[in-house]
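Here is the naming used below: chain letters follow the sequence lines, and residue numbers restart at 1 for every chain.
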Amino acid sequence: MTPLLKVENLSIAFRTRNGEVTALHDVSFEVGAGEVVGVVGESGSGKSVSAYTTIGLLDQAGRVAGGSVSYDGKPLLGQQRPLRGREISMIFQNPRAALNPIMTVGQQLSDVLKRHALAGRTDAKSKAIDLLRQVQINDPEERYNAYPFELSGGMCQRVMIALALACSPRLLIADEPTTGLDVTTQKTTMDLMRELTRARGMSVVLITHDLGMAAEYCDRIVVMEKGRVVESAPVRQLFTAPRHPYTQKLIAASPGPDSRLEDLTRGQLEAPAKITPTPQNRPGPDRLLEVVNLVKEFPRRGTGFFGRKPAPFRAVDGISFELRRGESLGLVGESGCGKSTTSSIIARLQDATSGSVIFDGHDILHHPAQRFAKMPQRGQVQMVFQDSHDSLDPRWSAADVIAQPLRRIMGMKDAGELSRRTAMLAEMVGLPGELLSRYPHQLSGGQKARVNIARAIATDPLLLILDEPTSALDVSVQAVVLQLLDRLRRELGMSYIFVSHDLNVVRLLCERTIVMNRGKIVEEGSAEQVLHAPRDPYTQKLVAAIPHFEPEKLRVS
Amino acid sequence: MAATLAAPLTRLRYTLSGNPLTAVGFGLFALMIFLALFGPAIAPYDPLATRAVNALQPPSWAHPFGTDHLGRDVFSRVIVATRLDLGIALSAVALSFVIGSALGCLAGFFGGWADRIIGRMSDTIMAFPLFVLAMGVVATMGNTVENVIYATAVINLPFYIRVARAEVAVRRNAGYVQAARLSGSSSLRILATQLFPNVLPPMMVQISLNLGWAILNAAGLSFIGLGVRPPSAEWGIMVAEGASYIISGEWWLALFPGTALMLAVFCFNLMGDGLRDLVDPTRRT
């Protein structure tokens, strides 16, 4: 039987200022009819490039340097146009960006149907509504007239799926379809996609960086590294007996429900810093932070009947918790649950509506956020931001970034002392000294994360708030950064508030975990207990939605 | 930040090598600067010396651009005028850049009332036909070089305010601004050290376009008699004076200063992208 899609020795080169760069080297894989193939790899591995080439959307600067792609036994390269949509379709990474923002979703669906002569002017609407119903959108008649911005991210992705399936193609390429969606939404979206493609006997190429997701939804997995296919095997074989060292490294680095921090890098522990700061003896009450009845309200726009103001939206709804000195606390929840608002109030970047945050014996909410920069506590509460690229000024070199808190908070002026201290901080976070003169766009994701961490620990804080510090990093980099954070906490005697949506990661780093939903704390307990024996129904749903790969389970099934 | 200033020459070479058109622009600009600095010294004749016998001579080896109705050498006048025209354009643009970007940054960063007042102010300026506004300013304040500069600066102000406001507003809540707050920086310091440098690249494009407009505006004012007064050598006046002789066949009077004007505007427009790349570290790898 000939495979539906066959990629043979495909090489792609990109023209750049410094000559041609080969992005794909002799990539070969096959997709059989009705098969779900996962293409897995870290950023820059060429997984998206191969998909874009297949569907004929390769960037202008790119060029097929060799090899071929055949679809249904016929050569495909250069012939995609008539097949696109009808035979092969694609789901993009960011559904909101892939939908036209000024057209209703129904209109966009009808257009596709009309374009491919699957519907006429009279029945386009009813067929579009039917499609919306198939992707399980509630009130499809009403949603037909909705604009993309009126729908949630998960809903947009469902519309994308409806668009992709509109012409009943035989091959679907899904490029990181659930990145940026919450785990529970991810699960429903992926389950829906699996159900629909299975019912139609479609083949799927699922491109993802998440091994757990690939394990749950694919039949066969192709692992890519730096533009090469390093391993291709059925799911069970890949996870139980990975052959290639890169696959082994990737599997080890993905945190599962039972993995330990030191397992993530398979024994190749990061070399400890040469400068080990003397363990800090920091006197003070055992209770470092106490949050009491914290409330944050945001005004809603518009007016209700008779000019009454609508009730404000409560992002944080009266939460209270404590943090002991040297303790690490996980703050878990899905987007919109108030975890980021809470952390930015504690970091004094935002003012609360009411409540108090008692830090080291003082209520730090007394001082407005605008003036907190000058308070003595500023250096003791620091934060590492989610997006390590966005949080670095593109015009400042790494050394300037790290020196900034030293200058402003510690009042260091002497250039020699500043550069000595900066170099020391860089060494503590494992950033090679020669990178200090570089600008953010010249650093890799992991290096930028290190610069951010170095800046945050420059003032020797008592409390470090980590707002999803690893969510944008590749798993192997995440593993190293998590180990670094764990080591720094022990060496510097800091307390952590670790904000994340990923319970597996939180469990690795935190002793205690708080689960938030809609501005309230729904569960509190040890990280182990929350992950393995959740009590609250919401937590149970959250835990069940995390895609896992458990070799034991796979072997049994 | 010291590294930003390091090796600016290598950076210039890198930027220019990637874009030959920009290199042409920078070359023309260098030539203009040279003429502005040394024009009076290298001009073959005194630009103001009249010789009635020699009036309206066509271009020749002695007078490459010919002579005007008073027998003055057009070549020398075109060269000497560079200083005045470039001076007016540069100082007008510098003035509107400094004031405009300061106001725009404040409006974009603080929003609220600051934004509303500054925004309506720039709308008011924009509501007038700009050249008419400039005419009005010069007509009421008097016919001097300084007033031409002020008039040109005022009419260009709204463009800087708008660009700066928009660029600062999108970056106001960027991660690095939050991080700077955590590092103990006050709002004004963040504005000056983090946000302003980051809005420079789009401002540079605006500056280069504006230099062209400014030089045209100054020449235009002089052309209608509301700017630099004769007998000073100025491209606008020279075109104005030469215009009446075109019909009688003495084309060189208007053509050469007009070409100089055109080349100047052309050069500023070519420089735009290069200037932006020069101040934007992400364009360098």
Side-chain angles (χ1 to χ4, degrees), chain A residues 16-18 344 347-350 369-379 381-411 415 419 436-442 448 451-452 455-456 458-459 461 464-465 467, chain B residues 1-8 10-11 13-20 109-112 114 167-168 170-204 276-285:
Chain A
T16 69
R17 201 178 163 125
N18 306 316
S344 94
R348 300 304 295 122
L349 291 171
Q350 262 185 47
Q370 285 290 335
R371 262 184 287 143
F372 196 71
K374 296 274 166 280
M375 302 302 299
Q377 283 99 338
R378 176 69 289 169
V381 184
Q382 286 289 311
M383 184 162 176
V384 177
F385 293 92
Q386 179 169 15
D387 185 339
S388 59
H389 183 75
D390 179 57
S391 50
L392 296 177
D393 188 328
R395 304 182 65 87
W396 287 42
S397 69
D400 290 325
V401 167
I402 300 174
Q404 194 189 15
L406 296 174
R407 282 205 182 92
R408 301 255 61 83
I409 296 177
M410 316 274 276
S419 71
L436 277 174
S437 60
R438 291 214 190 164
Y439 291 94
H441 70 280
Q442 298 165 320
K448 278 184 276 200
V451 174
N452 273 299
R455 166 170 62 190
T459 55
L464 194 59
I465 299 164
D467 185 5
Chain B
M1 276 192 292
T4 326
L5 303 170
T10 5
R11 210 191 310 153
R13 202 176 308 136
Y14 180 85
T15 308
L16 295 188
S17 70
N19 194 345
F109 190 67
F110 293 106
E167 298 284 336
V168 166
V170 296
R171 291 173 175 82
R172 182 167 56 184
N173 289 321
Y176 56 84
V177 172
Q178 304 269 22
R181 261 189 222 294
L182 279 179
S183 308
S185 302
S186 60
S187 295
L188 278 179
R189 178 177 294 276
I190 289 172
L191 196 54
T193 62
Q194 311 263 349
L195 287 171
F196 180 67
N198 273 298
V199 305
L200 267 182
M203 299 288 270
M204 279 297 154
R276 181 199 57 204
D277 292 354
L278 214 53
V279 295
D280 189 350
T282 58
R283 303 269 169 169
R284 285 171 252 140
T285 27

Hey, could you give me each pair passing salt bridge (Lys or Arg N to Asp or Glu O under 4.0 Å) that has a residue in residues 171-186 of chain B? Not counting sequence neighbours.
-> E167(B)-R171(B)

Find the one option among M375(A), R455(A), H389(A) whose heavy-atom pairs under 4.5 Å with chain B are most numerous.
-> R455(A)

Heavy-atom distances under 4.5 Å only: say whether L392(A) touches chain B with side chain, backbone, both or neither.
-> backbone

Among A399(A), S391(A), S388(A), single out the residue with the greatest number of heavy-atom pairs under 4.5 Å to chain B.
-> S391(A)

Taking C-beta and beyond as the side chain, do Y176(B) and P394(A) meet within less than 4.5 Å on heavy atoms?
-> yes

Could you tell me which portion of R438(A) (side chain, backbone, both or neither) has an atom closer than 4.5 angstrom to a non-hydrogen atom of chain B?
-> neither

Among the options A179(B), S186(B), S185(B), G184(B), pick out the one with the most heavy-atom pairs lying under 4.5 Å from chain A.
-> G184(B)

Hits for side-chain hydrogen bond (donor to acceptor under 3.5 Å, both in side chains) against R378(A), two or more places apart or cross-chain, chain-then-number order -> none

Measure the shortest side-chain to side-chain distance between Q178(B) and M383(A) over non-hydrogen atoms and say whether it is less than 4.5 angstrom.
-> no

Using non-hydrogen atoms and a 4.5 Å limit, figure out which bit of V381(A) sits close to chain B: side chain, backbone, both or neither.
-> backbone

Nearest non-hydrogen partners of Q382(A) and L182(B), listed with the distance = NE2-O, 2.9 Å

Hey, which of D390(A), V401(A), L406(A) has the most heavy atom pairs under 4.5 Å with chain B?
-> D390(A)

For S183(B) and Q404(A), which heavy atoms make the closest approach, and how far apart are they?
-> OG-OE1, 3.7 Å

Which bit of D393(A) is near chain B, if near means a heavy-atom gap under 4.5 Å: side chain, backbone, both or neither?
-> both

